[in-house]
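Below, each value reflects all heavy atoms present in this structure, side chains not excepted, and no hydrogens, waters or symmetry copies. Residue numbers start from 1 in every chain, and the chains themselves are labelled A, B, ... in the order their sequence lines are given, proteins ahead of strands.
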2 protein chains.
Amino acid sequence: MRPKNLAKEQAIRTIALQIIAEEGLENLSMQKLAKAAGISPRTIYIKYENKEDLLIKLYIEEVLGDYEKALLENFHSEMDFAEGIKKIWLNSFRYLSANRHAFALILYGKSSPLLNRAYQQKNIAEGDYFKPIRSFLELNKVRGIITDFPHDVYRALLFSPLFDLVTEYFDHMDRPRQIITEQTLASCCEAVIKGMLI
Amino acid sequence: MRPKNLAKEQAIRTIALQIIAEEGLENLSMQKLAKAAGISPRTIYIKYENKEDLLIKLYIEEVLGDYEKALLENFHSEMDFAEGIKKIWLNSFRYLSANRHAFALILYGKSSPLLNRAYQQKNIAEGDYFKPIRSFLELNKVRGIITDFPHDVYRALLFSPLFDLVTEYFDHMDRPRQIITEQTLASCCEAVIKGMLI
DNA sequence: TTATTAAGTAAATGTTTATTTACTTAATAA
DNA sequence: TTATTAAGTAAATAAACATTTACTTAATAA
């Protein structure tokens with residue numbers, strides 16, 4: 001039996017993310033992807049059932065999976081609160097700024113009904129969101145270190161300003177002056193920490 | 001000369017937003033839109049040059065224009081800081097939760113390169129973002145009430161957790177239990193205020 | 001060596017796409 | 001009343017779309 005060419009599978013993923021980041025999800029077509037990856041359209045269908053399957057697997061398994069791994073590096077539920085939050089922010093920023101094409105698909109995950117639905121289903125199956133972060137917050141809540149908010153509020157405070165600044169970071173990179181730095185990010189992180197502390 | 005039927009123009013906008021919210025921007029086609037609006041495809045081209053023009057005008061002029069108006073209702077640059085922020089949050093929440101189809105396009109504004117570019121160009125032409133909010137923040141900064149952050153950080157803290165919670169609010173409405181309330185939002189708003197105060 | 005089998009290709013499929021053509025309608029201004 | 005004109009329609013166009021068909025290739029196992 002002829003073995004799979006893993007470089008081709010990788011090319012499909014890489015080029016798909018590139019097209020999504022540069023031209024938008026609404027301009028990704030199977031033929032364009034195949035041509036840009038230097039393969040036949042049929043080859044995409046060896047691994048993926050159809051276009052929706054490709055997008056969902058790319059989003060859930062590849063992109064979110066990788067991001068989750070990077071996010072939690074050297075993070076532990078028992079860390080000091082401020083240290084833990086700073087670790088998450090720095091891990092996120094490092095990963096997302098080094099993977100701007102992946103970041104583009106993460107952003108689509110918030111707007112596209114297809115990807116959004118896939119994410120909800122994953123959460124129903126695997127639990128709401130990154131477990132170590134959930135228990136970290138729970139721990140600091142019961143210890144009386146942070147205010148008792150619903151988890152949605154913790155998540156909103158913790159991730160959304162960070163994502164917003166990463167977007168801004170890329171926008172500025174494409175223009176003359178670059179305003180957002182790791183230091184800007186750190187100061188925003190401090191504000192978030194302050195807002196959560198009792 | 002035959003006069004324009006304004007109801008048809010309105011239908012194009014309303015139905016376009018509905019399709020984007022329910023099926024995604026990537027599944028909006030001119031023919032689907034025309035059929036759903038009960039008009040001929042040609043009629044869309046009376047007002048809009050092409051599909052991109054329709055999307056950009058819908059986003060920049062209709063949706064963002066309306067949101068900006070709603071946002072600033074009864075808001076003044078000279079307001080007390082906490083009062084001002086709460087006003088913005090409540091105005092936003094009221095508008096966005098009453099206009100979920102518009103909100104869907106606002107979310108695409110953050111992911112779609114087409115809409116994102118249009119937004120940048122609007123900002124270059126008209127100034128970075130909502131002017132009264134900008135001067136409100138500037139005023140509170142020079143008065144020593146809030147920490148001196150770059151404006152991108154203010155914006156990230158002020159708007160992105162709010163948007164995140166509105167998304168969550170809609171998600172929960174589609175499922176059995178509704179968790180996010182105006183009160184949840186208010187508690188997140190308090191955390192944001194706390195994080196910004198000196 | 002050769003039969004087997006999945007990987008992979010090029011080209012074709014039928015459908016959907018954005019946009020246009022050729023025409024009709026409904027109002028106004030003369 | 002009627003000529004004019006933009007609004008509007010239905011149907012057509014050509015390109016692009018997702019997916020499949022029919023075939024070839026490259027490895028393994030016998």
**Asked** Regarding Q10(A) and T14(A), is there a side-chain donor-to-acceptor distance under 3.5 Å anywhere?
**Response** yes
**Item:** Those residues that, when tested against Y48(B), pass ring-ring contact (aromatic ring centres under 6.0 Å, His included) (two or more places apart)
**Value:** none
**Request:** Could you tell me, to 10°, how much the axis swings from one end of the helix from dT1(C)-dA30(D) to dA30(C)-dT1(D) to the other, five pairs per end?
**Result:** 0°
**Request:** Enumerate the residues from residues 2-15 of chain A whose closest heavy atom to DNA chain C is under 4.0 Å, giving them by residue number; use none for an empty result.
**Result:** R2(A), P3(A), K4(A), N5(A), K8(A)
**Residues within residues 19-31 of chain A bordering DNA chain C, heavy-atom distance below 4.0 Å** = none
**Message:** Under 3.5 Å, is there a donor on one side chain and an acceptor on the other for Y169(A) and E182(A)?
**Reply:** no
**Request:** Could you tell me whether E73(B) and K87(B) make a salt bridge, using a distance below 4.0 angstrom between a side-chain N and a carboxylate O?
**Result:** no
**Request:** Answer yes or no: is there an ion pair linking K47(B) with E9(B), defined by an N-O contact shorter than 4.0 Å?
**Result:** yes
**Request:** Please list, in 5' to 3' order, the outermost nucleotides of DNA chain D lying under 4.0 Å from any heavy atom of chain A.
**Result:** dC17(D) to dT28(D)
**Prompt:** Between K69(B) and Y95(B), is a side chain to side chain contact (heavy atoms under 4.5 Å, CB included) present by the stated rule, with each step listed?
**Reply:** CA-CA 10 Å; K69(B) 236 180 284 165; Y95(B) 176 80; over 6 Å; no
**Asked** Of the residues in residues 33-49 of chain A, which ones touch DNA chain D at a heavy-atom distance under 4.0 Å?
**Response** P41(A), R42(A), Y45(A)
**Request:** Kindly say whether G38(A) contributes a backbone atom to a donor-acceptor pair with the side chain of K8(A) at under 3.5 angstrom?
**Result:** no
**Request:** Answer yes or no: is there a side-chain heavy-atom contact under 4.5 Å between L185(A) and V153(B)?
**Result:** no
**Message:** Rounded at 0.5 Å granularity, tell me how far CE in M79(A) sits from CG in L139(A).
**Reply:** 13.0 Å
**Prompt:** Hey, is the main chain of F149(B) close enough, under 3.5 Å, to the side chain of T147(B) for a donor-acceptor pair?
**Reply:** no
**Message:** Within the 3.5 Å criterion, strictly below it, is a donor on S40(B) or T43(B) matched to an acceptor on the partner's side chain?
**Reply:** no
**Prompt:** If we ignore angles and hydrogens, is there a donor and acceptor under 3.5 Å between the side chains of T181(A) and T184(A)?
**Reply:** yes
**Request:** I would like to know whether E68(A) and K122(A) meet salt bridge (charged side-chain N to carboxylate O under 4.0 Å, His left out); could you show each step before the answer?
**Result:** CA-CA 13 Å; E68(A) 189 166 354; K122(A) 185 209 159 209; 3.7 Å; yes
**Validation row, ring centre Y67(A) to ring centre F103(A) under 6.0 Å** = no
